[in-house]
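Not measured: the values here are computed from a predicted model.
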Amino acid sequence: NNQAEILIFQGKLREAYHLVSTTINETTIKYGRLFPPLSFVYLSMGKLLYEMNNISAAEEYFLLCIKLTNTIANPAIYLMALLQLAYIKQVQGKTKEAKSNLQKAEEVGRINTIYLREITVDSFKTRVLLLQKNFKSTLSWIEKFRKDPMTNAGLFSQAKLIIAKTYLALNENDKALLLLSELKESSESFGANGWLIETFILEALAFDSEGETDRAIDSIRKALSLAEPEGYFRLFIDQGNKMEELLENVLAIYPDDESFSAGYVSSLIKQINSESSSNGQSIDEPLSDREIEVLRLLSAGYTNQAIAD
């Protein structure tokens with residue numbers, strides 16, 4: 001499983017999927033599907049299936065992982081499966097179920113000593129809060145992070161991605177782009193293509209918001225060229241309708257681009273549109289000017305009373 005996680009880190013999803021599938025098949029033949037040590041492998045499989053946009057199968061693996069880790073009392077794996085499941089529930093618009101899983105994860109974190117538990121729980125919780133557009137709580141986490149930044153390079157980069165997403169939501173594009181520039185450099189040096197793809201995606205959204213269409217298109221083309229060979233889907237889909245518009249522009253300008261296929265881009269657009277329609281509203285409904293102003297003031301350190309006055 002460590003090898004699979006390394007491959008995921010490197011953005012080699014297809015190789016990781018083959019390795020995990022082989023491990024599951026060979027182990028279940030000998031010991032059955034409910035063999036407790038498989039919980040580690042099921043966690044990796046769930047993450048892979050989610051990114052490849054097989055959400056229902058990913059959910060099944062996370063639930064199976066939770067069941068098995070209860071059996072062998074492995075709080076770290078149990079915790080991660082709960083957090084992954086919370087994110088899926090929020091993507092599906094099931095906010096109550098997402099909150100329930102987050103609460104369970106926080107309880108597990110409180111009663112167990114888990115290495116880097118706080119960043120693991122808090123960063124995942126913040127990802128869910130971003131989906132909920134709970135920016136006030138997100139800003140609180142960012143302030144906490146600034147006061148006590150994590151020293152682990154990998155987790156530090158994940159935290160920076162969350163901060164960059166928050167800046168984008170607040171239209172603080174300059175701040176987002178500065179962070180993303182740092183992340184591109186670190187992702188390339190670590191060989192972390194998954195992070196690099198996400199960095200290009202967020203960079204494209206920031207440029208697009210600033211009206212720099214050419215730079216936005218360039219960034220999203222780079223993301224697509226890295227993502228398609230490995231089967232990435234959710235990194236694009238989870239960005240919502242702004243990403244749909246960007247992808248439509250790319251397809252209109254570069255219908256025969258050799259670095260990615262039109263079919264791949266069309267499938268991303270179709271899925272974003274489908275999820276937006278099924279939710280009955282835009283996935284990324286914009287904040288009002290007043291909401292953005294309040295959040296900027298909170299980010300600058302103003303109290304609620306001072307903002308109200």
Side-chain angles (χ1 to χ4, degrees), residues 1-5 7-9 13-14 16-112 114-117 119-132 158 194 231-235 237-238 271 274-275 278-279 283:
N1 186 64
N2 285 341
Q3 182 60 36
E5 288 297 320
L7 290 169
I8 292 171
F9 174 81
L13 299 191
R14 296 193 188 280
Y17 180 81
H18 175 73
L19 175 61
V20 171
S21 296
T22 300
T23 303
I24 290 173
N25 290 337
E26 291 179 352
T27 306
T28 52
I29 289 171
K30 291 182 179 180
Y31 304 106
R33 194 163 181 254
L34 298 180
F35 185 52
L38 274 175
S39 59
F40 297 90
V41 188
Y42 289 154
L43 184 65
S44 295
M45 179 59 92
K47 289 190 283 186
L48 286 164
L49 288 168
Y50 177 79
E51 183 53 48
M52 293 174 171
N53 202 34
N54 191 340
I55 295 180
S56 59
E59 185 176 352
E60 287 180 14
Y61 275 103
F62 290 137
L63 287 170
L64 187 55
C65 184
I66 288 168
K67 180 178 181 179
L68 290 179
T69 48
N70 267 335
T71 303
I72 61 173
N74 189 323
I77 301 300
Y78 181 70
L79 173 69
M80 287 307 302
L82 282 171
L83 292 169
Q84 295 280 359
L85 192 58
Y87 190 81
I88 283 180
K89 292 300 182 184
Q90 189 58 51
V91 165
Q92 294 171 328
K94 300 175 181 178
T95 301
K96 288 184 178 180
E97 292 182 49
K99 288 180 177 179
S100 174
N101 282 294
L102 284 177
Q103 288 169 357
K104 290 176 185 177
E106 288 175 330
E107 181 61 26
V108 172
R110 279 194 295 269
I111 63 177
N112 291 278
I114 300 173
Y115 176 63
L116 290 173
R117 172 197 58 78
I119 177 58
T120 301
V121 176
D122 285 358
S123 63
F124 245 92
K125 181 178 179 180
T126 305
R127 287 177 61 197
V128 177
L129 291 172
L130 276 171
L131 287 177
Q132 295 173 353
Q158 291 181 49
Y232 279 90
F233 278 84
R234 294 306 311 187
L235 283 183
I237 295 166
D238 288 349
Q271 186 63 35
S274 173
E275 292 191 12
S278 65
N279 289 339
I283 295 174

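- The shortest side-chain heavy-atom distance between Glu51 and Ile8 does not fall under the 4.5 Å cut-off.
- Looking at every heavy atom in both residues, Gly32 comes nearest to Leu38 through O-CD1, 4.0 Å.
- Glu5 is listed as a side-chain neighbour of Lys47, based on a closest heavy-atom distance under 4.5 Å.
- Within a 6.0 Å radius of CZ in Phe35, other residues, nucleotides and ligands contribute more than 12 heavy atoms.
- In this structure Phe62 satisfies the ring pair (Phe, Tyr, Trp, His ring centres under 6.0 Å) test with no other residue, sequence neighbours excluded.
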### Message
Run Glu60 and Leu49 through side-chain contact (heavy atoms from CB on, under 4.5 Å) and show every step you take.
### Response
CA-CA 10 Å; Glu60 287 180 14; Leu49 288 168; over 6 Å; no

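- For the pair Gln90 and Ala98, the tightest heavy-atom approach, listed with the atom from each and the gap, is OE1-CB, 3.6 Å.
- For the atom pair CD of Gln3 and OG of Ser44, the computed distance is 11.0 Å after rounding to the nearest 0.5 Å.
- The shortest heavy-atom contact between Ala4 and Leu19 is N-CD2, 3.7 Å.
- Nearest heavy-atom pair across Asn101 and Ala86 is CB-CB, 3.7 Å.
- Contact check for Gln92 versus Glu59: side-chain heavy atoms found under the 4.5 Å cut-off.
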### Query
side-chain contact (heavy atoms from CB on, under 4.5 Å) between Met45 and Val41: does it pass, once the steps are laid out?
CA-CA 6 Å; Met45 179 59 92; Val41 188; 5.6 Å; no

### Query
Which is it for Leu83 and Arg127 under the side-chain contact (heavy atoms from CB on, under 4.5 Å) test, yes or no, and what are the steps along the way?
CA-CA 10 Å; Leu83 292 169; Arg127 287 177 61 197; over 6 Å; no

### Message
Would Gln271 and Glu275 count as a side-chain hydrogen bond (donor to acceptor under 3.5 Å, both in side chains) here? Give the steps.
### Response
CA-CA 6 Å; Gln271 186 63 35; Glu275 292 191 12; 3.0 Å; yes

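- Contact annotation: the side chain of Tyr17 approaches that of Met52 to within less than 4.5 Å [non-hydrogen atoms, C-beta and beyond].
- Here Thr126 contributes atom OG1 and Leu102 contributes atom CG; the two are 9.5 Å apart, rounded to the nearest 0.5 Å.
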### Task
Evaluate the side-chain contact (heavy atoms from CB on, under 4.5 Å) criterion for residues Lys96 and Lys89: first the C-alpha distance (whole Å), next the side-chain angles of each, then the deciding distance (0.1 Å), finally the verdict.
CA-CA 8 Å; Lys96 288 184 178 180; Lys89 292 300 182 184; over 6 Å; no

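- Here the straight-line distance linking atom CD of Glu97 with atom CD1 of Ile88 works out to 11.5 Å at 0.5 Å rounding.
- Rounding to the nearest 0.5 Å gives a distance of 10.0 Å between CD1 of Ile66 and CG of Leu79.
- For the pair Ser39 (side chain) and Pro36 (backbone), a donor-acceptor distance under 3.5 Å is present.
- Between Tyr50 and Tyr87, the two ring planes are perpendicular [angle over 60°; tilted spans 30° to 60°].
- Formation of a donor-acceptor pair under 3.5 Å by the Thr27 side chain with backbone atoms of Ile24 is not found in this model.
- Under the side chain to side chain contact (heavy atoms under 4.5 Å, CB included) test applied with Leu48, the options Leu43, Leu7, Asn54, Leu13 reduce to a single match, Leu13.
- Atom CG of residue Leu82 and atom CD1 of residue Ile77 lie 11.5 Å apart, to the nearest 0.5 angstrom.
- Distance OG1/Thr28 to CD/Glu26: 9.0 Å, rounded to 0.5 Å.
- Between Val91 and Ile55, the closest heavy-atom pair is CG1-CD1, 4.5 Å.
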